[in-house]
J.: 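First the structure, which I've put down as C-alpha cells, then a few questions once you've had a look.
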Amino acid sequence: MAFSEQTLLKAWERSGGRCECEKRTHSHFYTPCNKRLGRDARGSAGPGGWEANHITLSGGEGLHNCEILCWGCYKSTVGSTTPGLFTRFHAGPTQQVRIGDYIRLESGDEGHVTAIRYDCVGIKALNGSDIVVSNSEIRRIVVNYGRSSKMARQPFHFYGLSLLKKMTGLKAKNLIELVSVLKQVPEGVIYYHTHQFLQEHHYLVPEPPNDFAVWVADSLGDGVLGERLASVNPFFFHDLAGFREKLVNIIEEHLGQHPNHREAMEGHEFYFVKSTRFIYPTPYIAYDLREFIGALRQISLGSLYYHIFESRLGSEKGLNDFSIWMIESLGEEELGRAISRIDPYTYTLEGLRSSLIKLIEKHIQ
Amino acid sequence: MGKSTIEELRLISAKLQGRVIQNINSTFTGGGVAELLSRIVPLLRQLGVDARWNIIEGTPDFYKVTKKFHNLLHGRGEEISAADYSLFSEVTRHNLERLEVNGDVVFVHDPQPAGLVARKKDIGKRWIWRCHIDISHPNREVWKFLEPFVTQYDAAVFSSLSFSQELPIPQYLISPSIDPLSDKNCDLPPETIDAVLTKYGIYKDKPIITQVSRFDYLKDPVGVIQAFEIVRSSTECQLVFAGGTADDDPESEKVLAEVRERAGGNRDIHILLIPPGSDIEINALQRASTIIVQKSLREGFALTVSEALWKAKPVVASAVGGIPLQVRNRFTGLLSHGIEGTAYAIRQLLTNPEYAKWLGENGREHVRQNFLITRHLRDELLLFLATEFTDDVVRF
C-alpha cells in the first residue's frame with residue numbers, strides 16, 4: 001500500500017506543511033497537533049520529520065484516506081519507532097498478525113490491525129471506532145482472515161430496516177370476505193402478512209406459516225386450506241403481485257370445491273395490517289469479503305432481513321443485495337450465485353446469518 | 001437484548017434530533033400510563049431525544065367522570081349524565097388556558113387530556129392520541145362524545161388490533177411491553193423465591209399451577225378452580241390464585257369471597273390476596289410455578305402473560321384480547337377456549353415436561369423480540385417519525 005506522488009503532493013498542500021493529527025489520545029489532546037513540518041523531512045525522526053498515513057487500511061490510496069502526520073503522531077498511530085520493525089507480530093505459537101490483517105478476538109472485538117506495539121495491538125473496528133487490545137488478549141484470536149485479496153469497486157453499505165405496524169381498519173370473518181379484501185388491499189398488506197412473521201418469529205423452529213394460513217386453520221378450523229396456504233413458498237415469487245395472485249387462486253379454488261361458510265368468532269376476525277418501513281444507513285461498510293463477514297456478524301436482524309428478503313422482492317433479477325454486490329462490485333460471481341440460491345425462508349434469521357458467514361469463510365479460505 | 005438493538009435505537013433516535021416530544025397525561029403517579037411514561041421518558045432522553053412530560057389539572061369530580069368514561073369505553077355498564085360531559089369540557093377549557101404546549105410532537109395519552117387537541121388549529125404541530133384502553137366494545141355514547149376530538153389528531157395508536165375504530169386518521173398498533181429490570185420481572189435468587197413460598201404455605205414437592213390476576217369475574221377465577229380440579233383428579237398438583245382487589249371495584253371483594261368458598265378446604269388450592277406493590281412476591285410466585293394460566297373471559301392486553309413468558313414458563317391462556325399476540329398457539333404456549341380445554345392443555349404440559357420447557361423457552365424469546373420495553377421504545381421513535389411522512393416506505 002503506497003500513495004501516489006500526486007496524492008502525496010495534494011495531501012501536503014492541504015496540510016499547509018503542518019501535522020494534521022486530531023487524535024485525542026495523543027499529547028495534543030483536544031486540539032489539532034499542527035506541528036510545522038519540513039517538506040523534505042519525510043520518513044525522518046529528526047526536526048520537521050513526517051509521514052503520510054493511511055487513515056483506514058481499507059480506505060484505499062486516495063487523498064481522502066491520506067493524512068500528513070508529524071513523526072511523533074505517526075509513531076503513536078502506527079506504533080513503531082522504526083518502520084517495519086514490528087510489522088509482523090508473533091501472538092502465540094501458531095498465531096501471528098500483521099498490519100492490515102482482519103482479525104476477530106474471543107472478546108467479540110474485530111477489525112483491521114492498524115498498529116502493532118510490543119505490549120498491545122491497535123484495531124480499527126468496522127464502525128470506525130479504535131480498539132486497543134493487550135498482548136494477552138491478542139493471543140485469543142478466534143479467526144484471522146489475513147489481508148484482503150480483492151477490493152470491491154464500490155463498497156457495500158449496510159442499511160437498517162425498522163417497521164411500524166399500521167392498521168388498515170379492514171377485517172374479514174370468513175373466507176369470502178378474506179379473498180375479497182385480499183384482492184384489493186395494497187401490496188404492503190400482503191407483504192406484512194406473508195413476511196412480517198419472519199421478523200417476529202425468526203427464532204422459532206419450525207417457523208409458523210404466513211398469517212393467512214394460521215388464521216384459516218386456527219380461527220376457521222379449515223386445516224386443509226391452511227396447509228395449502230402455508231405451503232406456498234415465497235422464495236419462488238419475485239414480486240408480491242404474483243404471490244397475492246397465488247393465494248387468491250388457492251382460496252377461490254378451495255371455495256369452489258368445498259364451500260366453507262364457517263365464520264370466525266367475534267374478536268377472532270382477520271385484521272388486515274400493513275407496515276410503515278423505515279430504511280436508514282448504518283455505520284457498517286465493507287470493501288472486501290473480510291469486512292463483509294465482520295459486518296454481517298454485527299448488523300441487526302432487521303438489516304439482514306432488508307438485504308436478503310426485501311431487496312429480492314423488488315429486484316428484477318430476483319437477486320438479493322448481497323449477491324448483486326458480490327457479482328457486480330466484487331467480481332465474485334460464483335459466491336454471489338451460491339448465496340442467491342439459498343432459500344432464506346427455510347432458515348431462522350440467526351441461522352441464515354451463520355450459513356452466510358460459513359459460506360463466505362469457506363470461499364475466502 | 002443485544003448490542004444491535006441498542007445501535008438500532010440510537011440510529012433511529014438520531015433522526016429525531018431537534019424535535020421536542022411532549023407527553024401529556026393525567027397523573028405522574030399511579031396507574032399503568034404513569035408507570036409506562038416514568039420508564040419510557042428517561043430512556044428517550046438517554047437516547048438524546050428531547051422528551052418531556054406534562055400533566056393536566058383536574059378536580060376529584062373530573063376524575064370520577066373520566067373513570068366512568070374508562071369503564072364505559074371498556075364495555076362496562078355505568079351511568080353517565082349531561083353534567084358529567086359538561087364537567088369534562090370545563091376542565092378541558094381550564095387546561096387549554098394553563099398548559100403550555102411546546103412539543104413538535106404532542107403525544108396525548110388516554111381520554112382525560114384528549115380535548116387539548118383544540119390547540120392544534122392555533123399552533124399546528126403534530127398531534128398523536130395514544131389510547132391505552134380496550135375499546136373493542138365501547139359505549140357508543142361516550143365514544144361519540146370523544147370521536148370529534150380524536151379525529152382532529154394526526155394519528156391514533158392502539159394496543160391491539162381489535163381496539164381499532166373506523167377513523168379518518170392513520171391508526172398504528174403499538175403493543176404494551178414489560179421492563180425486564182423491574183421488580184416484577186428481574187431475576188430473583190432462589191432464597192427469595194423459597195421465602196415467598198414458605199410465607200404463603202406453598203409446597204415445593206408438587207407442581208404449581210398459577211394464575212395472577214385481580215379478583216374479577218372477567219378473569220374467571222372459578223373457571224380456573226374447575227379446570228384445576230379436573231387436572232387434579234388424575235395428576236398431583238396445586239393451584240395458586242394470586243391477586244388483589246381494587247379500591248375502585250367494589251365487586252372484587254365479592255368475587256374473592258366466592259372464590260374462597262369455591263376452593264373450600266382444599267389444601268392444594270392457595271387463594272392469595274396480595275397487597276399492592278408486592279411486585280417481588282408476584283415475581284417469585286411466577287418463577288416458582290410449573291405452569292402459568294390466564295383463563296380470562298375478556299382481556300385488555302394481559303401483560304401478565306408476557307411476564308410469565310419472560311420467565312420461560314409454559315402458559316395456558318384464553319384466546320381473548322391481546323393474548324393471541326403473545327401466545328402463538330403451540331409455538332409460544334397453548335390457547336384454550338373453555339374449562340375442559342384449559343384442563344386438557346395443563347395436563348398435556350404436566351405430562352410432557354420437555355414440550356413444556358420448549359414452549360417456555362420459545363415464549364421467552366418471543367417476549368424478548370416483541371414485548372420488551374426496547375421494542376416499545378423503538379415503536380414510539382418510529383411513530384414520532386411516521387407523522388412526518390405519508391409514504392409507507394421512508395428512506396433516510
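Keep in mind it's a predicted model, so treat the numbers as computed, not measured. Letters go in sequence order (proteins before strands), and every chain restarts at 1.
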J.: Determine, step by step, whether A:Thr276 and B:Phe389 satisfy the side chain to side chain contact (heavy atoms under 4.5 Å, CB included) criterion, reporting the C-alpha distance in whole Å, the side-chain angles of both residues, the deciding distance to 0.1 Å, and the verdict.
T.: CA-CA 10 Å; A:Thr276 302; B:Phe389 303 92; over 6 Å; no
J.: Pick one of side chain, backbone, both or neither for A:Glu266, based on which atoms fall under 4.5 Å of a heavy atom in chain B.
T.: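 Interface part for A:Glu266: side chain.
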J.: Which value, rounded to the nearest 0.5 Å, describes the distance between A:Tyr280 atom OH and B:Ile12 atom CD1?
T.: 4.0 Å
J.: For A:Leu164 versus B:Asp379, what's the shortest heavy-atom pair and its separation?
T.: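 Looking at all heavy atoms of both residues, the closest pair is CD1-O, 3.6 Å.
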J.: OG of B:Ser4 to CZ of A:Arg297: how many Å apart, nearest 0.5 Å?
T.: 14.5 Å
J.: Counting only heavy atoms closer than 4.5 Å, note whether B:Ile174 contacts chain A via side chain, backbone, both or neither.
T.: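 For B:Ile174, the contact with chain A is made by the side chain alone.
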J.: How close do A:Leu161 and B:Glu8 get, counting heavy atoms only, and between which atoms?
T.: O-OE2, 3.9 Å
J.: In Å, rounded to the nearest 0.5 Å, how long is the span from CG of B:Leu161 to NZ of A:Lys165?
T.: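 Going from CG on B:Leu161 over to NZ on A:Lys165, the span is 8.0 Å.
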J.: Within the structure provided, determine whether B:Arg378 and A:Ser162 are in side-chain contact (heavy-atom separation under 4.5 Å).
T.: yes
J.: Got a salt bridge between A:Arg277 and B:Asp392, using NZ or NE/NH1/NH2 to carboxylate O under 4.0 Å?
T.: no
J.: Got a sec: does the CD of B:Gln17 have more than 12 other heavy atoms crowding it under 6.0 Å?
T.: yes
J.: Distance check, rounded to the nearest 0.5 Å: B:Leu173 atom CG versus A:Lys274 atom NZ?
T.: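 The NZ atom of A:Lys274 is 14.0 Å from CG of B:Leu173, to the nearest 0.5 Å.
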J.: Which answer fits B:Arg330, side chain, backbone, both or neither, if we ask what part of it has an atom under 4.5 Å from a heavy atom of chain A?
T.: side chain
J.: Quick check: are there more than 12 heavy atoms from other residues, nucleotides or ligands sitting under 6.0 Å from CD of A:Glu227?
T.: no
J.: Go through it in stages, so that I can follow the logic: the residues are B:Glu7 and A:Ser300, the test is side chain to side chain contact (heavy atoms under 4.5 Å, CB included), and I'd like the CA-CA distance, side-chain angles, deciding distance and then a yes or no.
T.: CA-CA 8 Å; B:Glu7 194 166 80; A:Ser300 68; over 6 Å; no
J.: Relative to chain A, which segment of B:Ser162 carries a heavy atom at a distance below 4.5 Å: side chain, backbone, both, or neither?
T.: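 Both backbone and side chain.
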J.: Please look at B:Leu11 and chain A and tell me whether the side chain, the backbone, both or neither of the residue comes under 4.5 angstrom of a heavy atom of that chain.
T.: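 B:Leu11 touches chain A through side-chain heavy atoms alone.
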J.: Tell me, yes or no, whether the heavy-atom count around A:Gln184 atom CD, taken from other residues, nucleotides or ligands under 6.0 Å, exceeds 12.
T.: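 Counting other residues, nucleotides and ligands, CD of A:Gln184 exceeds 12 neighbours.
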J.: Taking the side chain as C-beta and beyond, is there a heavy-atom pair between B:Val394 and A:Ile279 under 4.5 Å?
T.: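 They are not in contact (no side-chain heavy atoms under 4.5 Å apart), so the answer is no.
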J.: Between A:Ser303 and chain B, which part of the residue has a heavy atom less than 4.5 Å away: side chain, backbone, both or neither?
T.: neither
J.: Kindly indicate, with the supporting measurements, whether the criterion side chain to side chain contact (heavy atoms under 4.5 Å, CB included) is fulfilled by A:Met167 and B:Phe163.
T.: CA-CA 10 Å; A:Met167 296 184 275; B:Phe163 301 170; over 6 Å; no
J.: What part of B:Arg395 is in contact with chain A, defined as an atom under 4.5 angstrom from a non-hydrogen atom: side chain, backbone, both or neither?
T.: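 It is both, since atoms from each part get that close.
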J.: Heavy atoms only: give me the nearest A:Pro281-B:Phe396 pair and the separation to one decimal.
T.: CD-O, 3.5 Å
J.: Can you say whether B:Ser160 sits under 4.5 Å from chain A via the side chain, the backbone, both, or neither, judging by heavy atoms?
T.: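 Just its backbone gets close to chain A.
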J.: Counting only N and O atoms by type, is there a donor-acceptor contact under 3.5 Å from the side chain of A:His268 to the main-chain atoms of B:Val320?
T.: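 No, because the side chain of A:His268 does not come within donor-acceptor range (under 3.5 Å) of the backbone of B:Val320.
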J.: Check whether B:Ala319 gets within reach of chain A through its side chain, its backbone, both or neither, counting any heavy atom under 4.5 Å.
T.: both
J.: Which bit of A:Tyr192 is near chain B, if near means a heavy-atom gap under 4.5 Å: side chain, backbone, both or neither?
T.: neither
J.: Just to verify, what does B:Phe107 make a ring-ring contact (aromatic ring centres under 6.0 Å, His included) with, not counting sequence neighbours?
T.: B:His109, B:Phe384
J.: Would you call A:Asp211-B:Arg328 a salt bridge at under 4.0 Å N-O?
T.: yes
